[in-house]
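To start, the structure itself, in structure tokens.
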Amino acid sequence: MINLVVSMILIIIIERQLDEVIIALVGKYTALEDAYASVLKALNHAALFCNRKLKVLFIHATDLEANTQKDDPVKYHEAWQQLCSAHGVLVPGGFGSRGIEGKIAAIEWARTQGKPFLGICLGLQCAVIEYARHVLQYKNANSSEFDKCEHQVVIEMPEHNPGAMGGTMRLGRRTTYFVNDDSILKKLYGNVNSVDERHRHRYEVNPAYIDEFEKAGLKFVGRSDDNERMEILEIQDHPYFVAVQYHPEYISRPLKPSAPYLGLIWAACGELKNVLSQVTKDELSSDLPRKSSGPFSHVNLFRHT
């Protein structure tokens, strides 16, 4: 019965959707959309919550790269035209070097043009590489997964075996602790001190570069319990530049969308600042009943149990 009611609510909301929000998904598996099934579900949950019609532009990361500009300029310019037409940019997880330069180019564009951006897992690592190259001016910065360069700002986690692929990943639910009260994502999670999210990765941000990044404006607002593993990064003077090492899409639900994805959609709609201004710490900590605009109100979302 409950599932039937939820389905009816979703149908009503879908029928009422008027405004479209366009998200560019920049990845390497875009020829098979099912590869991003969880990501697409999380985007849809967030869009429904915001009463928006979601349109996803699937952009193959290699189409944004200089080699494509040389070999197939039409495909290159079409890809960039799609990216520039989007309201927000999402770089999801993945493995391997193919398409990395395209992802980095898309992230640089989102950062410098003030476009809402969300990076997931490898998307966070690409954001770190981009910032190291173009803000810290480490031109050859990269991940040790792709290049054994001088500035390896992303490295393999020391407890795992280099070169081995099986059974060497950091998996499952882990706790991330917020270290900055001004964090956008902390507010989206309901001003909690920590969150539990699911992980699936083998590489991490190199701790040796954290101080340099933070002095240059890239803040690591969420960290592991030992303060060594960077879990969430943000740029504070940006409409929404957020990346997480974990996979928040795994626990997104229609009536409780994932906070990072919800932030991306709200920012892409131009409503994030207004939403956050209405959600104070007093509201979040109060157990008193509050009026809301319906079951998909942000007030209800921030009640984490």
Side-chain angles (χ1 to χ4, degrees), residues 20-44 46-47 54-69 71-134 141-143 145-146 154 200-201 203 218 233-235 238-249 258 260-261 263-265 267-268:
E20 188 174 63
V21 59
I22 304 172
I23 301 298
L25 190 155
V26 182
K28 61 184 290 187
Y29 312 118
T30 54
L32 181 62
E33 295 180 10
D34 282 354
Y36 298 111
S38 297
V39 170
L40 295 176
K41 289 290 186 182
L43 284 172
N44 272 296
L54 176 68
K55 179 179 180 180
V56 178
L57 302 178
F58 292 91
I59 302 175
H60 200 290
T62 57
D63 292 347
L64 301 171
E65 296 177 353
N67 286 339
T68 302
Q69 182 181 22
D71 299 335
D72 193 340
V74 173
K75 180 183 290 187
Y76 173 83
H77 289 293
E78 285 178 348
W80 274 101
Q81 186 177 37
Q82 279 192 306
L83 182 67
C84 294
S85 69
H87 300 139
V89 179
L90 171 64
V91 176
F95 295 94
S97 60
R98 181 166 57 89
I100 290 299
E101 295 304 322
K103 294 176 183 180
I104 292 173
I107 294 170
E108 180 188 15
W109 180 83
R111 178 179 62 81
T112 57
Q113 298 301 313
K115 282 288 184 179
F117 162 75
L118 175 62
I120 304 296
C121 196
L122 180 61
L124 175 142
Q125 296 167 14
C126 289
V128 168
I129 296 170
E130 188 279 320
Y131 210 84
R133 289 182 182 179
H134 303 120
N142 215 324
S143 167
E145 180 181 4
F146 314 130
V154 176
R200 187 175 184 270
H201 66 109
Y203 292 82
L218 190 68
L233 66 79
E234 296 179 3
I235 298 177
H238 191 283
Y240 190 77
F241 192 96
V242 172
V244 296
Q245 185 59 73
Y246 48 82
H247 288 267
E249 64 271 14
S258 163
Y261 285 89
L264 174 66
I265 297 298

In sequence, state the C-alpha distance, the side-chain angles, and the governing distance for L64 and W109, and then conclude on side chain to side chain contact (heavy atoms under 4.5 Å, CB included). CA-CA 11 Å; L64 301 171; W109 180 83; over 6 Å; no
To the nearest 0.5 Å, what is the distance between [atom1] ([X]) and [atom2] ([Y])?
X    : Y    : atom1 : atom2 : result
D71  : D63  : CG    : CG    : 11.0 Å
H238 : L218 : NE2   : CG    : 11.5 Å
L90  : L40  : CG    : CG    : 9.0 Å
Q69  : W80  : CD    : CH2   : 10.0 Å
H77  : D72  : NE2   : CG    : 10.0 Å
H87  : L54  : NE2   : CG    : 11.5 Å

Between Y131 and R111, is a side chain to side chain contact (heavy atoms under 4.5 Å, CB included) present by the stated rule, with each step listed? CA-CA 9 Å; Y131 210 84; R111 178 179 62 81; 3.8 Å; yes
Of all heavy-atom pairs between [X] and [Y], which one has the smallest distance, and what is that distance?
X    : Y    : value
I107 : G123 : CD1-O, 3.9 Å
G263 : Y240 : C-CZ, 3.6 Å
Y261 : P248 : CE1-CG, 3.7 Å
V89  : A110 : CG2-CB, 4.2 Å
S143 : Y203 : OG-CD2, 4.2 Å
A127 : F117 : CB-CE2, 4.2 Å

Can you spot which of S258, P260, P92, C121 makes a side chain to side chain contact (heavy atoms under 4.5 Å, CB included) with H247?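 The option that passes is C121.
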L264 and side chain to side chain contact (heavy atoms under 4.5 Å, CB included): which single residue from V21, V242, L43 fits?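 Single pass found, and it is L43.
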List in chain and number order the residues that pass side chain to side chain donor-acceptor pair (under 3.5 Å) with Q82, two or more places apart in sequence or in another chain; answer none if no residue qualifies.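 Not a single residue meets the side chain to side chain donor-acceptor pair (under 3.5 Å) criterion with Q82.
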Tell me every residue that passes side chain to side chain donor-acceptor pair (under 3.5 Å) with T62, counting only those two or more places apart in sequence or in another chain.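 For T62 the side chain to side chain donor-acceptor pair (under 3.5 Å) partners, ignoring immediate neighbours, are H60.
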Can a donor-acceptor pair be found, under 3.5 Å and without considering hydrogens, that links the side chain of E65 to the backbone of G102?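 Side chain of E65 to backbone of G102, a donor-acceptor pair under 3.5 Å: yes, one is there.
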Under 3.5 Å: donor-acceptor pair, side chain of K115, backbone of A86: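 Side chain of K115 to backbone of A86, a donor-acceptor pair under 3.5 Å: yes, one is there.
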Residues E108, R133; criterion side chain to side chain contact (heavy atoms under 4.5 Å, CB included); working and verdict: CA-CA 10 Å; E108 180 188 15; R133 289 182 182 179; over 6 Å; no
